[in-house]
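Reading through the structure tokens given below for one structure.
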Protein chains: 2
Amino acid sequence: MSLNQAKKTVTLADVARVAGISKTTASHALSGKGWVSAATRETVVRVASEMGFEVDPLARLLSNGRSEKTIGFFTLDIDLSSRTRQMQIIQAQLNDMGYSVPIYAYGYRGRDALENQLELMNNLLAQRPRAIVCNTSGVRDEVLERLQKFVDEGGVAVCYGYSRSAPVRCDQVIYAEGESHYLAARHLIELGHRDIGLFNVGYRKPAKPFLTEVQRALGEVGAQTREKWLFGNDGTRRYEEDGARLGDEFLALKSRPSAMIVANDYAAVAFMARVTRGGISIPENLSVVGHDDDAIAPFGVVALTTISSSIEAVTVSVIELLNSRLLRDYSGEPRLVTVRGELVVRDSTAAPR
Amino acid sequence: MSLNQAKKTVTLADVARVAGISKTTASHALSGKGWVSAATRETVVRVASEMGFEVDPLARLLSNGRSEKTIGFFTLDIDLSSRTRQMQIIQAQLNDMGYSVPIYAYGYRGRDALENQLELMNNLLAQRPRAIVCNTSGVRDEVLERLQKFVDEGGVAVCYGYSRSAPVRCDQVIYAEGESHYLAARHLIELGHRDIGLFNVGYRKPAKPFLTEVQRALGEVGAQTREKWLFGNDGTRRYEEDGARLGDEFLALKSRPSAMIVANDYAAVAFMARVTRGGISIPENLSVVGHDDDAIAPFGVVALTTISSSIEAVTVSVIELLNSRLLRDYSGEPRLVTVRGELVVRDSTAAPR
DNA sequence: CTGAAAGCGCTTACAG
DNA sequence: CTGAAAGCGCTTACAG
């Protein structure tokens, strides 16, 4: 709008003037701090509501420090998976506790260059929230350093993410990703599989904890992974599209593994559909295990065996850690909670051949 | 943290003192506004960075009005569907244009009581963003009134949502939901179906534009909907769960329709899986059409025929409307852009029997 | 119980 | 080119 017709909003001073008292008293009356006679308070409250007065949170913040009722949520990617559902649940719970919980996210996967991440964190920090919940998945160390500073200055932060604990001295809950993949591999091995392929989302090839844990499981029975059967992607597409591509690559294989571990249920469901239509029947010719136990898992071409990533448990822990700091004033050492996945057997896995 | 050891952060005044100049000049040097000698500017910039100075956005805001570089995103529900992908894309584009785009959402479906909605909007407004993008789906009029006030005060807002244009005098893009369902119904009717069932998410029964448009299509061939075949839900579960329940209800039906229009692809996919395992084959015994063309649509038990909700088109329009106001300083009358869905035929529909 | 005054950290006319 | 001063809208010792 070119004409900045900003209607003068009503301020505390206006209220005070109309009510015939000082700003100080008006402030006290409205906030409930300090002493004010019942009569005065009543007048002020009435006048304020008549005039449509609302305190400017900015001014309040500037004059008194931290924003007590807001908790910032930092996450790089809001994907269409249980992970986002998890964020929602955390947010909902905090809302119920009376906090405002704006989400600082940066578009979708593949856009989170360091510079963008830093800016995002700075924007969040600028709100001076009471606390910060940080999904550390994909977050760079430089960004976590800023978070560390926030903590050092007396802010409370709770981080959650995969495998490695983030380099921040704050409460954390981590999901033991490697162990989960180990579970998946063990399940397949016990069924008799030795030729196992891997697919990871967001990495060119299955990376660290995923790959090594599957190799460990395989090693226990004298088997190993094969380079040809290691798949990944660049993490910019949707899970289903990645899964379908994987299906194409799989169908093009000269020699195929008898089982696939696909690190995302949506990708796994799309993969199964593509491969089934390519003539492979699951689980007769191919076993598939997913990851996350997303809502879609039971409803694909065949009900998907998967690893529950304990969305629930992570959520509960995050809230609990936060509560102990916020409500119970706990101020001890940072705590680390580890959550494990569980195997959920459905119909997509069976003995090979 | 009980001991509020907040390290004194460095302020503009500190920088000015160390650089041996006034706050005014320091401010000018840093912001690039007003005249400052090159030498002074250089000194100030160096000192500032040495001291790790960063302007407090709050103070800046309080002293100069609106927050130029932030655009607030208001949406009630971040569901796990294309709708969220759409939000991400809009956010990403705005990020690329240099805006910070915090998301103000309120947990998940079913939690958005008026009171909560209002508070959410107030929190967003408190940021004094340059602009607001508002997904009006499910948003109450009282909340939109607040948004109207924002617009009246010179803020720019763009709303987008289903069917009805929101009661706000601002640019809007609406998705013609009713027409889309009409398309779905026509498609089925042309295939020969007369017995069509409906499922809507978030409503107890298929509501206004959905129901009436399907009835219109049916009316054109002298057919009509049947009360028994109208399904809905309360909108608090995940789409897949809703779809599975629908499947159970469908299987329990004494007489069944020959086709179902399911207003969400995830629900439709789960519905198909459940019903298929219950012995119904699609499309031989039952045709199904979904809605949204979500990423999952092609990958269920059978590839789903659906209506694309033109996520892309909505996104483009929202950005364009925003740009014309923000970049090109357009300040004319509010504009209304209508976007239509398109039928995407896949394998879940065929002639009945 | 009430109020004058200082202060939060910046920006911006306005006067040199 | 530079700076003293007022102001953004509130809160909070501190003094009545």
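In this structure, the CD1 atom of Ile21(A) is 21 Å from the P atom of dG16(D), given to the nearest Å.
Picking from dG3(C), dC1(C), dT11(D) the nucleotide with the shortest atom distance to the side chain of Ser37(A) gives dC1(C). Distances from the side chain of Thr40(A) to the nucleotides dT2(D), dT2(C), dG3(C) place dT2(C) closest. If you check dT11(C), dG3(D), dC10(D) against the side chain of Thr25(B), the one that comes closest is dG3(D). When distances are taken from the side chain of Leu62(A) to each of dG3(D), dC8(C), dC1(D), the shortest belongs to dC8(C). Side-chain proximity of Ser22(A) to dG9(D), dA4(C), dT11(C): nearest is dA4(C). Taking the side chain of Thr24(B) as heavy atoms from C-beta on, and the options dA13(C), dT2(C), dG3(C), the nearest nucleotide is dA13(C). With dG9(C), dT12(D), dT12(C) as the candidates, the nucleotide lying closest to the side chain of Ser27(B) is dT12(C).
Taking atom P on both nucleotides, dT2(D) is separated from dA6(D) by 23 Å, rounded to a whole Å.
For the side-chain contact (heavy atoms from CB on, under 4.5 Å) with Ile319(A), the qualifying choice from Val316(A), Leu321(A), Asn323(A) is Asn323(A), the only one to do so.
Distances shorter than 4.0 Å separate none of the side-chain N or O atoms of Ser63(A) from OP1 or OP2 on dG7(C). One finds a side-chain N or O of Lys33(B) lying less than 4.0 angstrom from the OP1 or OP2 phosphate oxygen of dT12(C). Between dC8(C) and Thr11(B), no contact under 4.0 Å exists linking OP1 or OP2 to a side-chain N or O.
Within a 6.0 Å radius of CZ in Arg46(A), other residues, nucleotides and ligands contribute more than 12 heavy atoms. No more than 12 heavy atoms of other residues, nucleotides or ligands shown are found within 6.0 angstrom of CD on Glu42(B).
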Applying salt bridge (Lys or Arg N to Asp or Glu O under 4.0 Å) to Asp14(B) and Arg17(B), what does each step give before you reach the verdict?
CA-CA 5 Å; Asp14(B) 298 328; Arg17(B) 187 166 24 71; 2.7 Å; yes
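Side chains of Gln91(A) and Asn95(A): no donor on one and acceptor on the other come within 3.5 Å.
Taking each heavy atom of Arg41(A) and His28(A) in turn, the nearest pair found is NH2-O, 4.0 Å.
The closest donor-acceptor contact from the side chain of Thr84(B) to the backbone of Asp79(B) lies under 3.5 Å.
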Could you spell out the base pairing of DNA chain C in dot-bracket, with Watson-Crick or G-U pairs whose two distances are under 3.5 Å, [ ] crossing and | to another strand?
|||.||||||||.|||
